[in-house]
Amino acid sequence: MAIKIKDDIYWIGTIDWEIREFHGYGTPNGSTYNSYLIKDEKNVLIDCAKEYMFEELLIGLKSAKINPEDIDYIVINHSEKDHSGCLEKLIKYTNATIITNEKCKELLELQYNTDGWEYIIVDNNPEINIGKRTLKFIKTPMLHWPDNMVTYSIEDKILFSNDAFGQHVATSERFDYQVEELEVLYDDTKEYFANILLPYRMLVPGAIEALKNLDIEYICPSHGVIWKDHIKDIMEKYLEWSSDEYKNKAVIVYDSMYNSTKKIAYNIGNGLLKGGVEVRIYNTSKTPMNKIMKDILDAKYVLVGSPTLNSNIYHTVAMFLAYMEGLKPSGDKIGVAFGSYGWMEMATGIIKKTFEKLNFKIIEDECLTCRFVPKEEYLSKCYEFGKKLAQMD
Ligand SMILES: Cc1cc2nc3c(=O)[nH]c(=O)nc-3n(C[C@H](O)[C@H](O)[C@H](O)COP(=O)(O)O)c2cc1C
Ligand SMILES: [Fe+2]
Ligand SMILES: [Fe+2]
């Protein structure tokens, strides 16, 4: 259903209440694919949705009182299927020309049958007049893919930011000022940042600097709520999350078959707590990796534990390590590998390889690997190790 943002500008996004997994990202609260409609001499649709949301997108267009065939332009800020999946169907309904950049066109052609699609390429032509307004296109490569750009409506002071500033949540609230618990909104935005934009965070300060030159009244992202009252705050938070500054916080990530590795995890955790460190403990079988990454973003310590299973690391921990490695959290962290084993310890070496790739400072201790079940005396060494770790610079 269309929601008016300003005169002749509507949100006509689709709400995916039931999605629970988004390329490995657990989405217990669903997601949204925000499209926006600008009615002017040329009618413009900004970004689309996943393929299976097509019918709902048509309902949105209808409620904004526009026939699909009256859409002149479709701006594609990013070719990922969550924003372009409907295109093949939509292009058939409309005679629209796609406005995008050269890289995005290339990536669209690699994902769809684009025969007959017409384009306006904005690389050397970053402003297009559509009647009463002019749209400006600013490339933001790698935020999220090489093809990303944002669209700015100069007269309306609206930034259509695509993946930037988004959150994976399905809600009926469309604007930040409608959200009752602002901290939850920031937390969802942080989780999105930690799992989608983290590897490219070094590009964020430059992008924010470029955006600061624009007069922005609304930030309309392609997922989640529209920013209106907290634009400055969310930009500051983006700068904070991309700064690699950490808190005095430890994230302990583990799995365990018979609770031996779990006991080590909890005892080191108690030691860290005693030493004044904020502690989070996550079991990789029970917590989605994206929740864990949100906490790792600004943690000082990352402790990863696994039993040895069939001369290897436990599979859920391996999966987490592969995920974390790709997201490249700051190397300015302390890494601790631990685990229980029976006859030949194999898991911690694998964990440390990931820490090495990420440039974490690895701390070793004899209490970190234990044969079978750790006894009281052993566990008190883990506790003492946690206390000692808490004092580390
Ligand atoms: C199916 C299975 C395979 C195992 N394979 C190995 C192994 O290859 N090498 C080894 O040292 N220990 C092996 N173990 C022993 C476990 O590492 C040991 O029981 C450890 O204490 C389990 O820790 P957890 O309770 O945290 O899971 C295996 C245990 C199980 C149940
Ligand atoms: Fe994306
Ligand atoms: Fe997206």
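Whatever order the structure lists them in is the order used to number ligands and atoms, beginning at 1.
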Quiz item: Which single N/O/S atom of Asp163 lies at minimum distance from the Fe ion (ligand 3)?
Solution: OD1
Quiz item: Relative to the heavy atoms of Met344, which atoms of ligand 1 are at a distance of less than 4.0 Å?
Solution: 9 (N), 10 (C), 11 (O)
Quiz item: Just checking, Lys105 and Tyr119: is the charged tip under 6.0 Å from the six-membered ring centre and within 45° of the axis?
Solution: yes
Quiz item: What about Ser340: any of its N or O atoms under 3.5 Å from an N or O on ligand 1?
Solution: yes
Quiz item: For ligand 1, which atoms sit closer than 4.0 Å to a heavy atom of Tyr258?
Solution: 24 (P), 25 (O), 27 (O), 31 (C)
Practice problem: Kindly give the heavy-atom pair with the smallest separation between Ala194 and Leu297, and that separation in Å. | Solution: CB-CB, 4.3 Å
Exercise. Please determine, by modelled atom types, if Ser84 and Tyr112 share a side-chain donor-acceptor pair under 3.5 angstrom.
Key: yes
Self-check item: Asp215 (side chain) donor-acceptor with Lys157 (main chain) under 3.5 angstrom
Solution: no
Quiz prompt | Shortest non-hydrogen separation from Met346 to Thr308 and the atoms involved | solution = N-OG1, 3.0 Å
Quiz item: Any N or O on Ser256 sitting closer than 3.5 Å to an N or O of ligand 1?
Solution: yes
Quiz item: Considering distance alone, does some N or O of Asn312 sit under 3.5 Å from an N or O of ligand 1?
Solution: no
Quiz item: Any idea which protein heavy atom is nearest atom 29 (C) of ligand 1, and the distance to it?
Solution: Met257 CE, 3.7 Å
Quiz item: Under 3.5 Å, is there a donor-acceptor pair linking the side chains of Asp16 and Tyr52?
Solution: yes
Quiz item: Which ligand 1 atoms are under 4.0 Å away from a heavy-atom of Ser311?
Solution: 7 (C), 8 (O)
Exercise. Around atom 1 (C) of ligand 1, find the nearest protein heavy atom and jot down its residue, atom name and distance.
Key: Leu309 CD1, 3.3 Å
Practice problem: Could you list the atoms of ligand 1 found under 4.0 angstrom from a heavy atom of Asn259? | Solution: 25 (O)
Exercise. Could you tell me whether the Fe ion (ligand 3) has an N, O or S atom of His83 under 2.8 Å away?
Key: yes
Quiz item: Of all the N, O or S atoms in Asp82, which one sits nearest to the Fe ion (ligand 3)?
Solution: OD2
Quiz item: If we only count N/O pairs under 3.5 Å, is Lys262 in contact with ligand 1?
Solution: no
Exercise. Following the transitive rule for hydrophobic clusters with a side-chain heavy-atom cut-off under 4.5 Å over Ile, Leu, Val, Met, Phe, Trp and Tyr, establish whether Val251 and Ile351 coincide in one cluster.
Key: yes
Exercise. For ligand 1, find out whether one of its N or O atoms is nearer than 3.5 Å to an N or O atom of Val373.
Key: no
Exercise. Grab the two heavy atoms, one from Asn43 and one from Lys39, that are nearest each other, plus how far apart they are.
Key: OD1-CA, 3.3 Å
Exercise. Run the numbers for me: atoms of ligand 1, each under 4.0 Å from some heavy atom of Asn310, listed by number.
Key: 3 (C), 4 (C), 5 (N), 6 (C), 7 (C), 8 (O)
Practice problem: For Thr261, counting its heavy atoms only, list the atoms of ligand 1 lying under 4.0 Å from any of them. | Solution: 23 (O), 24 (P), 26 (O)
Exercise. Identify, for atom 9 (N) of ligand 1, the protein heavy atom at the shortest distance, and state residue, atom and that distance.
Key: Thr308 CG2, 3.3 Å
Self-check item: Sole residue of Asn101, Asp147, Asn148, Asp123 in side chain to side chain donor-acceptor pair (under 3.5 Å) with Lys139
Solution: Asp123
Self-check item: Side-chain donor-acceptor pair present, Asn195, Tyr323, cut-off under 3.5 Å
Solution: yes
Quiz item: Tell me, which protein residue and heavy-atom name are nearest atom 15 (C) of ligand 1, and how many Å apart are they?
Solution: Gly342 N, 3.7 Å
Quiz item: Within 45 degrees of the axis of the six-membered ring of Tyr266 and under 6.0 Å from its centre: does Lys262 put its NZ or CZ there?
Solution: yes
Quiz prompt | the Fe ion (ligand 2) - closest N/O/S atom in His78 | solution = NE2
Quiz prompt | Angle subtended at the Fe ion (ligand 2) by ND1 of His144 and OE1 of Glu80, nearest 10° | solution = 80°
Quiz item: Nearest protein heavy atom to atom 22 (C) of ligand 1, by residue and atom, and its distance?
Solution: Pro307 CB, 3.8 Å
Exercise. Using a cut-off of 6.0 Å, state whether more than 12 heavy atoms not belonging to Glu217 lie near its atom CD.
Key: yes
Quiz item: Any chance the rings of Phe54 and Tyr93 have centres within less than 6.0 Å?
Solution: yes
